[in-house]
There are 2 protein chains.
Amino acid sequence: MNALPTLEPSTEEACCTPAGQPALGADEAKQKSLVFKALADPNRLRLLSMVKAESSGESCVCDLTASLDLGQPTVSHHLKILVDSGLLHREKRGTWAYYSLVPGALDDVAGLLTTL
Amino acid sequence: MNALPTLEPSTEEACCTPAGQPALGADEAKQKSLVFKALADPNRLRLLSMVKAESSGESCVCDLTASLDLGQPTVSHHLKILVDSGLLHREKRGTWAYYSLVPGALDDVAGLLTTL
DNA sequence: CCCATACATTGATGCTGGTCAATATTCAGG
DNA sequence: CCTGAATATTGACCAGCATCAATGTATGGG
């Protein structure tokens, strides 16, 4: 939750053209890279796609595990990463856990790209 | 370059609600994850940001290396990954190599997210 | 209570990826 | 040509991550 600017001093004399623009600070870049790390795995992309494709808007782990030739612990692990990155929402009802897309989360990531 | 659908058989009897949607195939997901892998590193995000912030639209390696307390080989490595993923363009003029954003590339990635 | 089911957690393992030192390549100048 | 500067490539090292087996934790049914 640290949004410090951390502007680089830009202490170069000459070469091409001096880059006076602030660009991204080190901590800011590290923060933004977390979401892309979450998206950088094929199985997690498939999980997101499956949850999104579900007509009810939510999926349980048993359903997702069946479609992803992966072990159940591995699927739970991926789902946790997606929840921690703010992309998925988890709701437990009875013995089952239902995962759903956080509204607008994917659009927010798309916005991150255009405001690099 | 393989765009086979690879639909999963969806052989589950019942649980919550059956996911009849195609969603993402394994190879399709692997393909799309490559761009996000390229974006999943803080230093590469900073490189993209620096190139974008440059008023001339392009930056040379010497300039980028000076701002990123990283070794020159490491910066070249990251730039190669960004070029291979289709985000940056490389043009060599004389001894210098100038990198620029591929027009529309970031918007295409944003589009990938909404069409998951 | 006891057991089965659905899911999460832990620990271990193998592989991918980021980084650097050293070297190679390419180009401009003298 | 020869030298120096800018960049790319190679090889090696270490951290991080994806995966699985085993176990733990609820929850519901009998």
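Chain naming here is simple, since letters A, B, ... match the order of the sequence lines and numbering starts at 1 in each. All values derive from a computational prediction rather than experimental measurement.
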- Query: Hey, are B:Glu91 and B:Arg93 close enough for a salt bridge, meaning a charged N less than 4.0 Å from a carboxylate O?
  - Reply: yes
- Item | Exam field: side chain A:Ser85 to backbone A:Leu82, donor-acceptor pair closer than 3.5 Å | yes
- Note on the structure: Rounded to whole Å, CZ of B:Arg90 lies from C1' of D:dT9 at a distance of 12 Å
- Measure from CG on B:Asp63 to P on D:dA6 and round the result to the nearest Å. 12 Å
- Query: Between atom CG in B:Leu88 and atom P in D:dA8, what is the gap in whole Å?
  - Reply: 12 Å
- Query: Given atom CH2 of A:Trp96 and atom C1' of C:dA8, what is their separation to the nearest angstrom?
  - Reply: 17 Å
- Task: Can you sort out which residues in residues 71-81 of chain B have a heavy atom within less than 4.0 Å of DNA chain C? Ascending by number, please.
- Result: B:Gly71, B:Pro73, B:Thr74, B:His77, B:His78, B:Ile81
- Message: Between C1' on C:dC20 and CG on B:Leu68, what's the gap in Å once rounded to a whole number?
- Response: 15 Å
- Query: Would a distance-only check, ignoring hydrogens and angles, find a side-chain to backbone donor-acceptor pair under 3.5 Å from A:Lys92 to A:Ala97?
  - Reply: no
- Closest to side chain of B:Asp41, choosing from D:dA18, C:dC7, C:dT19: C:dT19
- Query: Are any of the side-chain nitrogens in B:Glu28 or B:Lys30 under 4.0 Å away from the carboxylate oxygens of its partner?
  - Reply: no
- Message: In whole Å, I'd like the distance from the CZ atom of B:Arg93 to the C1' atom of D:dT7.
- Response: 15 Å
- Note on the structure: In whole angstroms, the gap separating C1' of C:dA6 from OH of A:Tyr98 amounts to 10 Å
- Task: Just jot down the side chain to side chain donor-acceptor pair (under 3.5 Å) partners of A:His77, sequence neighbours excluded, or say none.
- Result: none
- Item | Closest to the A:Leu70 side chain, choosing from C:dG17, C:dC7, D:dT19 | D:dT19
- Query: Which of these passes side-chain contact (heavy atoms from CB on, under 4.5 Å) with B:Thr65: B:Val75, B:Leu70, B:Thr74?
  - Reply: B:Val75
- Message: Could you tell me how far apart A:Tyr99 (OH) and C:dA6 (P) are, to the nearest whole angstrom?
- Response: 15 Å
